[in-house]
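Reading through the structure tokens given below for one structure.
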Amino acid sequence: RIIAQYHNLRSEVSMLLANGHLAARQYPVGLVWGEAAIVRKRINHQMATEAILMQAVVGSALNPKEGGKAFQKMIKEMTSG
């Protein structure tokens with residue numbers, strides 16, 4: 001059990017390091033868990049956005065007139081704010 005928790009903590013630190021937390025090795029355990037949750041949430045949101053965009057691309061390929069307009073609108077909304 002302790003070994004599994006240690007590996008989980010190392011995994012969390014690794015994710016933080018990969019996402020710009022250069023001092024993650026020195027973080028207290030509680031901070032590692034808190035920051036890892038924030039990073040994981042951001043990554044999940046990014047993946048969801050990419051999935052939605054991919055679906056819009058497929059829609060625009062299958063129905064260029066309507067799908068293309070919807071895709072262009074989505075890109076415009078994402079880049080204008």
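Take Arg25 and apply the side-chain hydrogen bond (donor to acceptor under 3.5 Å, both in side chains) test, not counting sequence neighbours, and it matches no residue. Take Glu12 and apply the salt bridge (Lys or Arg N to Asp or Glu O under 4.0 Å) test, not counting sequence neighbours, and it matches Arg40. With sequence neighbours excluded, the residues that form a side-chain hydrogen bond (donor to acceptor under 3.5 Å, both in side chains) with Gln46 are Glu50. Applying the side-chain hydrogen bond (donor to acceptor under 3.5 Å, both in side chains) criterion to Arg10, with sequence neighbours excluded, gives no partner residue.
Linking ILVMFWY residues whenever their side-chain heavy atoms come closer than 4.5 Å, directly or via other members, leaves Leu22 and Val32 in distinct clusters. In the hydrophobic cluster analysis, where Ile, Leu, Val, Met, Phe, Trp and Tyr join through side-chain heavy atoms closer than 4.5 angstrom, Ile75 is grouped together with Ile52. Taken together through direct or relayed side-chain contacts under 4.5 Å among Ile, Leu, Val, Met, Phe, Trp and Tyr, Ile38 and Leu16 form parts of separate hydrophobic clusters.
Residues Thr49 and Met78 are in side-chain contact: their nearest non-hydrogen atoms beyond the backbone lie under 4.5 Å apart. Looking only at side-chain heavy atoms (C-beta outward), Leu9 and Val29 come within less than 4.5 Å of each other.
In this structure, CZ on Arg1 lies 12.5 Å from CD1 on Ile3, to the nearest 0.5 angstrom.
Nearest heavy-atom pair, Met74 versus Ala56, reported as atom, atom and distance to 0.1 Å: CE-CB, 3.9 Å.
Applying the ring pair (Phe, Tyr, Trp, His ring centres under 6.0 Å) test to every pair with at least one member in residues 26-78, sequence neighbours left out, gives these pairs: His21-Tyr27. Sorted by first then second residue, the side-chain hydrogen bond (donor to acceptor under 3.5 Å, both in side chains) pairs that include residues 55-70, not counting sequence neighbours, number zero.
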